[in-house]
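Here is the structure we will look at, set down as structure tokens.
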Amino acid sequence: MKINNRNYTDQNKPVIGVCMDGTSYPYYEAAKDVMPNLQRFIKEGSMGMVKSVIPSFTNPNNMAIVTGVPPVVNGICGNFYWDTELEEEVMMNDPKYLKVPTILSEKSQNGKKVAVVTAKDKLRKMLAHNLDGICFSAEFANQATLEENGIENVEQGLMGKERPGIYDPYISVYCIEAGAKLLQKEHFDIMYLTTTDFVQHKYAPGDPEANDFLSKIDHWLGELDKLGAIIGVTADHGMQAKTNTDGSPKVQFIEKLLNEQEIRTRVILPITDPYVVHHGALGGYGTLYLEDKGQLEEAKDYLLSLEGIETVLTNAEAVEKYELPSDRIGDLVILSDAATTIGRTPEWHDLDKVKDGLRSHGSEHSQVVPMIFNKKLNDEYASKLATGECRNFDLFHFLSNGF
Ligand code: ZN
Ligand code: ZN
């Protein structure tokens, strides 16, 4: 069937899309000895590198993956944006910001059995939009009801254990495990399992904590594989260290700096979310709204002169280059280099939370992520994947047409 102008053929096996939040390939490479199932997928199935959407943040990429289209079409380009009519910073976690249906909802409305498990509840409402099936978060697994989530008694009935806390690395494992437990109980046509990147923000590839976490993820990927599913694993974005040589966070506080140049702006950092412990709202991407539009060129030139600021685009340029929705990105879009993050003012951020080091994402430098399938792609899709030009939001297109 056609969804958002792309074709999604029904498969006779369960199709499972997995988004491993913040997991770039070096994490798997460093954990290869403790991820036998994923290694088998890579060897006997298929793997290639794909590109995330910009900004390389969680919500825009998750929503791109489940709609199969970029932000310019689906409307989701961050956790926050500046609503010019309301004149306030609004959180883009409500389905009303979604401009198109999801593959998941369309399949479910077409009689397919669909289940979605997300680690964080912040994504749940958009993922569940018009979905006639199961959708719950590990975060609030205890509150799931048949009416709201299509399932109840998740902790005792399905999982046989309580959910971990939101800052417990195992919240993401719980999410993949829930997918396997659901599939053990009954058939599903399509599933989407999406984790959180707490571990990746805290630990580098190869750190014992990262490997331990990934070994547990691997166990449940293996269980899903045993159940005969076609599995595709990708990521919403990668992750990098953003620190000075002394270990302190490397930040350009652009709102403060522009103020000092007499350029008045409102800087929006769409990585901001209620779970700021991870990253102090510091990432590689920001947008800004100028008080005086006449200062556009001046602001652009000044920002580009700052060390670590790599790309500054006008609204029209950003729409063209990154397929972003013009109404939600302000006057300038700013991206930093691999090691730098973009801040507003030092006071605005809770820098204490990241004083021991900062790992984050948002720019083009966190854009390349793996896409791994447990089965061999047909020739047409194998050669597409091999180009390195496919997108993470092609995941369900590959799962539906590539075998
Ligand atoms: Zn993420
Ligand atoms: Zn993150």
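Atoms within a ligand are numbered from 1 in the order they appear, just like the ligands themselves. Here the structure is a predicted model, which means the values were calculated and not measured.
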Carboxylate-amine/guanidinium contact E297 K300, below 4.0 Å: no

Residues T195 and D21: side-chain donor-acceptor under 3.5 angstrom: no

Which atom of H361 approaches the Zn ion (ligand 2) most closely (N/O/S): NE2

For the Zn ion (ligand 2), the closest N/O/S atom belonging to D197: OD2

2.8 Å cut-off met by an N, O or S atom of H237 to the Zn ion (ligand 2): no

Backbone or side-chain N/O/S of T58 under 2.8 Å of the Zn ion (ligand 1): yes

Contact flag D21/the Zn ion (ligand 2), N/O/S atoms, threshold under 2.8 Å: no

For F57, ring pair (Phe, Tyr, Trp, His ring centres under 6.0 Å) partners two or more places apart: Y285, H361

Minimum-distance atom from the Zn ion (ligand 1) among N, O or S atoms of D236: OD2

Cation-pi check, K375 onto F373 ring (under 6.0 Å, within 45° of axis): no

Output field: ring centroids Y81/Y97 closer than 6.0 Å: yes

